[in-house]
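Proteins get letters first, then strands, A, B, ... in listed order; numbering begins at 1 in each.
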2 protein chains.
Amino acid sequence: MITRTRLTNVSHGQAALNAGVLATQVQLFDNVPVGGASMTFERNAEIYGEGESADYVYKVLSGSVRAYRVLSDGRRQISAFHLPGDVFGIEPGKEHSSSAEAIDKATVLVVRRSAVFNSADSNSDVARHLWSITAAELKRSQNHALLLIKTAKERIAAFLLDMSERLAVKGFVELPMSRQDIADYLGLTIETVSRTLTLLSEGSTIQFLASRRIVLRNASQLNELNA
Amino acid sequence: MITRTRLTNVSHGQAALNAGVLATQVQLFDNVPVGGASMTFERNAEIYGEGESADYVYKVLSGSVRAYRVLSDGRRQISAFHLPGDVFGIEPGKEHSSSAEAIDKATVLVVRRSAVFNSADSNSDVARHLWSITAAELKRSQNHALLLIKTAKERIAAFLLDMSERLAVKGFVELPMSRQDIADYLGLTIETVSRTLTLLSEGSTIQFLASRRIVLRNASQLNELNA
DNA sequence: CGGGGTCTTGAATATCGTCAATCGGCGTGG
DNA sequence: CCACGCCGATTGACGATATTCAAGACCCCG
């Protein structure tokens with residue numbers, strides 16, 4: 001399953017940061033005094049690249065973001081989809097171990113990593129919050145790994161349920177990402193994703209309004225698939 | 001791929017904790033004043049179970065530990081193997097989201113979760129360390145997910161290289177875990193693991209001294225597989 | 001030596017991947 | 001306003017990789 005990714009090179013440095021900045025009162029963490037600047041990224045624009053210095057931490061304000069790694073032969077693994085409210089880009093090391101791109105037009109709060117860490121040193125609330133976000137991400141990652149041992153049908157079901165929950169519109173999902181993105185997240189091919197969705201639709205577990213607008217007709221059936 | 005797991009019920013409560021305790025100066029984190037008690041678990045003994053209250057944090061002193069989750073139909077996913085020096089059992093929530101068992105006879109340092117967190121509140125070094133352990137675990141989990149999209153040969157190669165590094169005996173690994181454990185970690189069946197190892201052996205990439213004692217004859221070949 | 005668990009090997013099958021063609025929605029421009 | 005073209009999604013036929021089911025070998029411990 002080899003998927004070569006077109007790279008839209010819209011990386012940002014200091015200059016870009018200053019360019020797209022909006023004054024903001026939005027906080028990285030709730031109730032915690034770490035401010036930042038907001039930036040908007042176009043569809044498929046790179047937010048950061050694997051190996052780049054991890055000087056900033058991000059929070060999705062609107063739109064959606066994919067984090068991914070690419071193997072030497074072009075296979076791409078999407079490790080997470082980040083939706084509004086999600087914090088991302090926090091790394092254990094000095095460098096980003098994955099890349100991040102806007103899936104659609106996305107606005108993101110950008111905070112200097114050092115600001116967060118300094119704040120954590122003197123304020124245990126910030127430290128606690130920082131830890132709990134990382135721990136939650138760990139849990140998500142473990143759930144993701146759990147997905148990857150399941151059958152195609154189960155993966156799709158779990159994906160739809162997850163998206164439905166996170167997008168918080170009960171019984172309906174408007175997917176921001178392409179079939180290819182879904183495939184790379186679930187460790188499947190685009191064809192298998194498409195076929196499996198068609199199957200679920202034929203069994204009237206789901207219903208398509210459009211290819212990315214899906215009604216969950218039978219959520220309990222999806223849950224059963226979610227072994 | 002259904003693997004029902006025999007459960008050796010050797011869970012521990014307060015009583016067990018007090019029973020197996022050894023006085024110890026060993027620290028949970030390096031250079032950080034959070035002590036604890038050590039306990040020894042027999043092969044296949046449960047250290048904690050999914051859903052149990054996560055009151056303790058652990059560090060492997062000797063032996064090895066598997067952390068895993070079981071799906072309703074019996075499929076088991078091993079999320080991590082913990083070797084001496086590894087901290088495990090830290091959870092974002094109140095409950096353990098996975099189970100942990102000793103793979104072989106294992107001695108483990110046990111520290112009250114509350115002690116660690118209280119210490120983190122007043123000591124930013126502890127807080128930093130706590131975060132960095134969690135973040136490192138996140139990175140490991142992401143690497144694990146990356147494994148699961150590869151071919152069987154690539155997964156086995158990556159696994160052997162990882163174990164070789166972590167066991168720190170260059171060019172040779174003595175595996176503590178069974179083929180079934182490896183299979184459940186790599187998202188393969190025991191037969192595929194066995195066959196793939198045989199293949200690597202036939203291509204003289206590796207050499208068996210015994211089924212769990214393996215010489216890495218050609219590490220660069222393994223690295224190439226590690227796409 | 002014997003027995004139980006672990007591991008290996010074999011043959012048949014199933015699921016998912018690959019390759020290829022077509023469909024369909026959408027924006028653009030004539 | 002309709003036609004064209006493009007990109008994303010679907011569908012089909014075929015093939016490969018890993019699973020399943022089954023049998024037997026190996027090995028350690030008693």
Side-chain angles (χ1 to χ4, degrees), chain A residues 1-6 8 43-44 66 71 73-77 103-104 147-157 174-202 206-214 225 227, chain B residues 1-6 8 42-44 71 73-77 103-105 147-157 159 174-202 206-214 225 227:
Chain A
M1 185 188 57
I2 298 197
T3 313
R4 270 165 229 288
T5 318
R6 115 198 76 28
T8 312
R43 190 168 105 97
N44 292 329
R66 60 178 166 253
L71 298 181
D73 67 350
R75 279 173 293 181
R76 182 181 69 159
Q77 155 93 248
I103 291 177
D104 43 19
L147 262 192
L148 298 177
I149 70 164
K150 299 188 185 180
T151 65
K153 210 168 175 182
E154 292 169 337
R155 294 187 215 193
I156 295 287
E174 168 113 45
L175 298 173
M177 73 288 289
S178 69
R179 295 291 191 265
Q180 185 64 63
D181 284 341
I182 299 172
D184 290 349
Y185 178 71
L186 297 179
L188 299 170
T189 59
I190 185 176
E191 292 96 335
T192 300
V193 169
S194 185
R195 272 187 255 271
T196 305
L197 284 169
T198 300
L199 270 176
L200 289 174
S201 161
E202 283 168 358
I206 63 175
Q207 183 188 349
F208 283 103
L209 303 185
S211 73
R212 299 190 184 184
R213 314 185 80 232
I214 303 177
L225 283 172
Chain B
M1 185 187 57
I2 299 197
T3 311
R4 272 166 228 290
T5 316
R6 116 198 75 33
T8 313
E42 293 305 313
R43 191 169 105 95
N44 292 328
L71 299 181
D73 66 350
R75 278 173 294 181
R76 181 181 68 159
Q77 156 92 255
I103 291 176
D104 44 18
K105 185 170 190 166
L147 261 192
L148 298 177
I149 69 164
K150 300 188 186 181
T151 65
K153 210 168 174 182
E154 290 168 337
R155 294 186 214 194
I156 295 287
F159 173 72
E174 168 113 44
L175 298 173
M177 73 288 286
S178 69
R179 295 290 191 268
Q180 186 64 64
D181 284 340
I182 299 173
D184 289 350
Y185 179 71
L186 297 179
L188 299 170
T189 58
I190 186 175
E191 294 96 332
T192 300
V193 170
S194 185
R195 273 188 254 273
T196 306
L197 284 169
T198 300
L199 269 176
L200 289 174
S201 159
E202 282 168 359
I206 62 175
Q207 182 189 347
F208 283 104
L209 303 185
S211 72
R212 298 189 185 184
R213 315 185 78 233
I214 303 177
L225 282 173

Pairing string of DNA chain D (Watson-Crick or G-U wobble, both atom distances under 3.5 Å; | = paired to other strand) is ||||||||||||||||||||||||||||||
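- At least one side-chain nitrogen or oxygen of T192(B) sits closer than 4.0 Å to the OP1 or OP2 atom of dT19(D).
- Rounded to a whole Å, the CD1 atom of I156(A) is 10 Å from the P atom of dT10(D).
- Side-chain N/O atoms of T189(B) include one lying less than 4.0 angstrom from OP1 or OP2 on dT19(D).
- If you check the side chains of T198(B) and S201(B), you find no donor sitting under 3.5 Å from an acceptor.
- T192(A) places no side-chain N or O within donor-acceptor distance of the main-chain N or O of L188(A), the cut-off being under 3.5 Å.
- Nucleotide dC27(D) holds its C1' atom 15 Å from the CZ atom of F208(B), rounded to whole Å.
- When the C1' atom of dA14(C) is taken as reference, atom CG of L199(A) falls 15 Å away, rounded to whole Å.
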Filtered N/O pairs between nucleotides 19-28 of chain C and protein, under 3.5 Å:
unit_1, atom_1, unit_2, atom_2, d
dC19(C), N4, E191(A), OE2, 2.9

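- Here R66(A) does not pair with D104(A) in a salt bridge; the nearest charged N to carboxylate O distance is not below 4.0 Å.
- Among the nucleotides dT8(C), dT10(D), dG17(C), the one closest to the side chain of L188(A) is dG17(C).
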Evaluate salt bridge (Lys or Arg N to Asp or Glu O under 4.0 Å) for D181(A) paired with R76(A), printing each intermediate quantity in order.
CA-CA 9 Å; D181(A) 284 341; R76(A) 182 181 69 159; 2.8 Å; yes
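- Distance CG (D181(B)) to P (dT6(C)): 10 Å, rounded to an integer number of Å.
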Take E154(B) and T151(B) through the test side-chain hydrogen bond (donor to acceptor under 3.5 Å, both in side chains) and record every step on the way to the result.
CA-CA 5 Å; E154(B) 290 168 337; T151(B) 65; 3.3 Å; yes
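- To the nearest angstrom, P of dT6(C) lies 15 Å from CE of M177(B).
- As rounded to whole Å, 11 Å separates atom P of dG17(C) from atom CD1 of I149(B).
- Phosphate contact (OP1/OP2 of dT8(C), side-chain N/O of S194(B), threshold under 4.0 Å): present.
- Closest to the side chain of S211(A), from the set dC16(C), dC7(C), dT10(D), is dT10(D).
- For R43(B), taking side-chain heavy atoms from C-beta onward, the closest of the listed nucleotides dC16(C), dT6(C), dT10(D) is dT6(C).
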With salt bridge (Lys or Arg N to Asp or Glu O under 4.0 Å) as the test, would you mind laying out the steps for R195(B) and E202(B) before giving the verdict?
CA-CA 10 Å; R195(B) 273 188 254 273; E202(B) 282 168 359; over 6 Å; no
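- Within the structure, a side-chain polar atom (N or O) of R212(A) is placed less than 4.0 Å from OP1 or OP2 of dA9(D).
- Put simply, CG on N44(B) is 13 Å from C1' on dT6(C), counting in whole angstrom units.
- For the pair I190(B) CD1 and dG10(C) P, the computed distance is 17 Å after rounding to whole Å.
- In this structure, R155(B) contributes its side chain and L186(B) its backbone to a donor-acceptor pair below 3.5 Å.
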Could you list the donor-acceptor pairs under 3.5 angstrom formed by side chains in residues 206-213 of chain B, with sequence neighbours left out?
unit_1, atom_1, unit_2, atom_2, d
Q207(B), OE1, R217(B), NE, 2.7
Q207(B), OE1, R217(B), NH2, 2.4
R212(B), NH1, P176(B), O, 3.2
R213(B), NE, E174(B), OE1, 3.2
R213(B), NE, E174(B), OE2, 3.4

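- Comparing dT10(D), dA18(D), dT8(C) by their nearest atom to the side chain of A152(B) picks out dA18(D).
- Between R179(B) and D184(B) there is no salt bridge, since no side-chain N of the basic residue sits under 4.0 Å from a carboxylate O of the acidic one.
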